[in-house]
Amino acid sequence: MYEKDGQQYFVVDGHVHIWDGRESNQKNVHGRQFIDCFYDYHKNLSPEEEVWDYDTYTYYGGERLMKDLFVDGHVDHAIFQATLLSEFYHNGFGQTEEAFELTRKHPDKLTYNHAYDPRHGEAGLEQLRRDAERMNLHGVKLYTAEWHGDSRGYKLDDPWSRRYLEECIELGVENIHVHKGPTIRPLDRDAFDVADVDKVATDYLELRFVVEHVGLPRLEDFCWIATQESNVYGGLAVAIPFIHTRPRYFAQIIGELLYWLGEDKILFSSDYALWTPKWLIEKFVDFQIPEDMTEYAPITIEQKKKILGLNAAALYDIDVPEHLRLPEPAGQEGVEVAAGAQQAVSS
């Protein structure tokens, strides 16, 4: 729990990893390109004092994760989002079994989301069923730009992808996290386009689609989709570090999200270890829209509390201590769309 100026914040980090990008795990040049691109994001968007050395960054392990998140980082609960990249790494990029075992040891602090690739067909469906039972899955993380053989990506509305989404409904895996954000070398930019989210969100109302990285650099497209689709949410991974290097750009991002999506559909994410959560949380609690950016309303403490943890806790049924909960506004239950955006669309 983070406390500042007499306010207490229950923090859920909605997007964390344990990865292995070391040379010994790299299958080809693309594995090196991927971890190098990650490191460039890290060192260029972090405060100087928060930048790790390269060797530590390529593999840091669970012990360091627990310290950076729960001892130093103000986090109360975190959600693993698996990234496989089996075409680039011998043992996968995300260390799924290590992350899952850490979750089993600390179920009060960690939730594990696994991954699948619908291009694996029927065999992949069987694996999804086994994984959902063994790991008690309530969420998955999808990488639509991941390479598989000669394929360099897929769409969420592809026939096989639809079969997997339908299986998720049957299995109770209701939270579908999708990387729809900045390109990571060598993956292809267009494979991260957000348009396919619109189609599946309409067709599978039983599922909740969390668009990671809020669609950047396609923020406007994402906002229009998420306004229309009540089951589409935005994860702030990669977006929130701009609070340090480009605070006015971050003000635009969060201002647009609050206007179009509303305060109940935005989730804090550090994308650890791309960035450590401590400085992100502290800067966000202190952040305010610049006074001259009058098109956006000031961010309230209640909105910050929802974004930092209460929204993700609701999606994953994470227990929030009673004194950290917000009372339900009278007559506001079920409101999904920001009033300003609703008025703009209807007019």
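A pairwise comparison of heavy atoms in L219 and V214 identifies CD1-O, 3.8 Å as the closest pair. The two residues Y41 and P182 have their closest heavy-atom pair at OH-CB, 3.1 Å. Here the closest non-hydrogen pair linking K141 and V178 is CE-C, 4.5 Å.
Rounded to the nearest 0.5 Å, atoms CD1 (I299) and CG (L258) are 6.0 Å apart. Note that CG of D158 and OG of S151 are 8.5 Å apart. Values are rounded to the nearest 0.5 Å. Interatomic distance, F100 CZ to Y112 OH, rounded to the nearest 0.5 Å: 8.0 Å. How far CG of L69 is from NZ of K109: 10.0 Å, rounded to the nearest 0.5 Å. Distance CG/D196 to CG/D157: 5.5 Å, rounded to 0.5 Å. Within the model, atoms CG of L165 and CZ of F209 stand 5.0 Å from one another, a figure rounded to the nearest 0.5 Å.
More than 12 heavy-atom neighbours from other residues, nucleotides or ligands sit within 6.0 angstrom of NZ on K155. A 6.0 Å sphere centred on CD of E122 holds more than 12 heavy atoms belonging to other residues, nucleotides or ligands. Shown here is E295, whose CD atom has more than 12 heavy atoms of other residues, nucleotides or ligands within 6.0 Å. When the shell of 6.0 Å around CD of Q288 is examined, it contains more than 12 heavy atoms from other residues, nucleotides or ligands. Annotation: R104, atom CZ; neighbour count of heavy atoms from other residues, nucleotides and ligands within 6.0 Å does not exceed 12. Enclosure of atom CD in E220 is not indicated, since only 12 or fewer non-hydrogen atoms of other residues, nucleotides or ligands lie within 6.0 angstrom. Counting non-hydrogen atoms of other residues, nucleotides and ligands closer than 6.0 Å to CD of E48 gives a total of 12 or fewer.
Side chain to side chain, S46 and H244 fail the donor-acceptor criterion of an N or O pair below 3.5 Å. Residues H177 and Q81 bring a donor and an acceptor atom of their side chains to less than 3.5 Å of each other. Between the side chains of N175 and R208, at least one donor-acceptor pair of N or O atoms lies under 3.5 Å. Side chains of K304 and Q7: no donor on one and acceptor on the other come within 3.5 Å. For the 3.5 Å distance criterion, the side chains of H15 and D271 qualify, holding a donor opposite an acceptor. Side-chain atoms of Y316 and N113 form a donor-acceptor pair, as typed in the model, at a separation below 3.5 Å. Side-chain contact check for Y89 and D20: no donor-acceptor pair (N or O, by modelled atom type) lies under 3.5 Å. Under the 3.5 Å distance criterion, with hydrogens and angles disregarded, no donor-acceptor pair is assigned to the side chains of E282 and Y2.
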Problem set entry | Stepwise side-chain contact (heavy atoms from CB on, under 4.5 Å) test for H17 and T83 | CA-CA 8 Å; H17 310 268; T83 303; 3.6 Å; yes

For this session: Evaluate the side-chain contact (heavy atoms from CB on, under 4.5 Å) criterion for residues V210 and L315: first the C-alpha distance (whole Å), next the side-chain angles of each, then the deciding distance (0.1 Å), finally the verdict.
Result: CA-CA 10 Å; V210 181; L315 291 185; 4.3 Å; yes

For this session: Please assess D68 against T276 for the test side chain to side chain donor-acceptor pair (under 3.5 Å), listing each intermediate value before the final yes or no.
Result: CA-CA 7 Å; D68 287 342; T276 48; over 6 Å; no

Exercise. So E146 and H179, side chain to side chain donor-acceptor pair (under 3.5 Å) or not? Walk me through it.
Worked result: CA-CA 10 Å; E146 183 160 354; H179 180 115; over 6 Å; no

For this session: Starting from the C-alpha separation in whole Å, work towards a yes-or-no answer on side-chain contact (heavy atoms from CB on, under 4.5 Å) for L216 and I253.
Result: CA-CA 9 Å; L216 295 177; I253 292 171; 4.1 Å; yes

For this session: Step by step, work out the side chain to side chain donor-acceptor pair (under 3.5 Å) result for Y296 and E256.
Result: CA-CA 8 Å; Y296 304 121; E256 294 292 331; 2.5 Å; yes

Problem set entry | Stepwise side-chain contact (heavy atoms from CB on, under 4.5 Å) check, E212 with L236 | CA-CA 7 Å; E212 299 294 349; L236 287 175; over 6 Å; no

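A centroid separation of less than 6.0 Å is found between the aromatic rings of Y39 and Y54. Aromatic pair F38/F93: centroids less than 6.0 angstrom apart. Ring centers of H42 and Y57: under 6.0 Å apart, within the cut-off. In summary, the aromatic rings of Y60 and W19 are positioned with their centroids under 6.0 Å apart. A distance of 6.0 Å or more separates the ring centres of F268 and F284. A centroid separation of less than 6.0 Å is found between the aromatic rings of W147 and H30.
Both M1 and L310 sit in one connected hydrophobic cluster of ILVMFWY residues. Membership requires side-chain heavy atoms under 4.5 Å apart, directly or through other members. A chain of hydrophobic side-chain contacts below 4.5 Å, direct or via other Ile, Leu, Val, Met, Phe, Trp or Tyr residues, connects I266 to M293. Following chains of ILVMFWY side-chain contacts shorter than 4.5 Å, one can reach I169 starting from V200, so the two form part of one hydrophobic cluster. Criterion: ILVMFWY side-chain heavy atoms under 4.5 Å apart, direct or through other members. Under it, L84 and M135 are not part of a common hydrophobic cluster. I301 and I240 fall within a single hydrophobic cluster, where Ile, Leu, Val, Met, Phe, Trp and Tyr side chains are chained together by heavy-atom contacts under 4.5 Å.
Using a 4.0 Å cut-off between charged nitrogen and carboxylate oxygen, D36 and R185 do not count as a salt-bridge pair. Between E97 and R134 there is a salt bridge, with a side-chain nitrogen of the basic residue lying less than 4.0 Å from a carboxylate oxygen of the acidic one. A salt bridge links E126 to R129: one of the charged nitrogens lies within less than 4.0 Å of a carboxylate oxygen.
Judged by distance alone, the side chain of Q26 and the main-chain N or O of G21 form a donor-acceptor pair under 3.5 Å. A distance-only check finds no donor-acceptor pair linking the side chain of Q228 to the backbone of I225 [under 3.5 Å]. Between the N44 side chain and the D40 main chain, a donor and an acceptor come within less than 3.5 Å of each other. A donor-acceptor contact shorter than 3.5 Å is absent between the side chain of R32 and the backbone of E23. When atom types are taken as modelled, the side chain of Q95 and the backbone of G92 share a donor-acceptor pair closer than 3.5 angstrom. A donor-acceptor distance shorter than 3.5 angstrom exists from the side chain of E87 to the backbone of G149, with no hydrogens or angles considered. In this structure a side-chain-to-backbone donor-acceptor pair under 3.5 Å is present from K180 to D193. At least one donor-acceptor pair under 3.5 Å links the side chain of N311 to the backbone N or O of E263. Remark: the backbone N or O of F10 is not paired with any side-chain donor or acceptor of K305 at under 3.5 angstrom. In this structure a side-chain-to-backbone donor-acceptor pair under 3.5 Å is missing from T183 to D188.
With Y164 as reference, Y116 is the one residue of Y204, Y154, Y116 to meet the ring-ring contact (aromatic ring centres under 6.0 Å, His included) rule.
Between Y143 and L85 the shortest side-chain heavy-atom distance falls below 4.5 Å. For the pair I243/P247, no side-chain contact is recorded, criterion being any heavy-atom separation below 4.5 Å from C-beta on. Between L102 and M66, some side-chain heavy-atom pair lies under the 4.5 Å cut-off.
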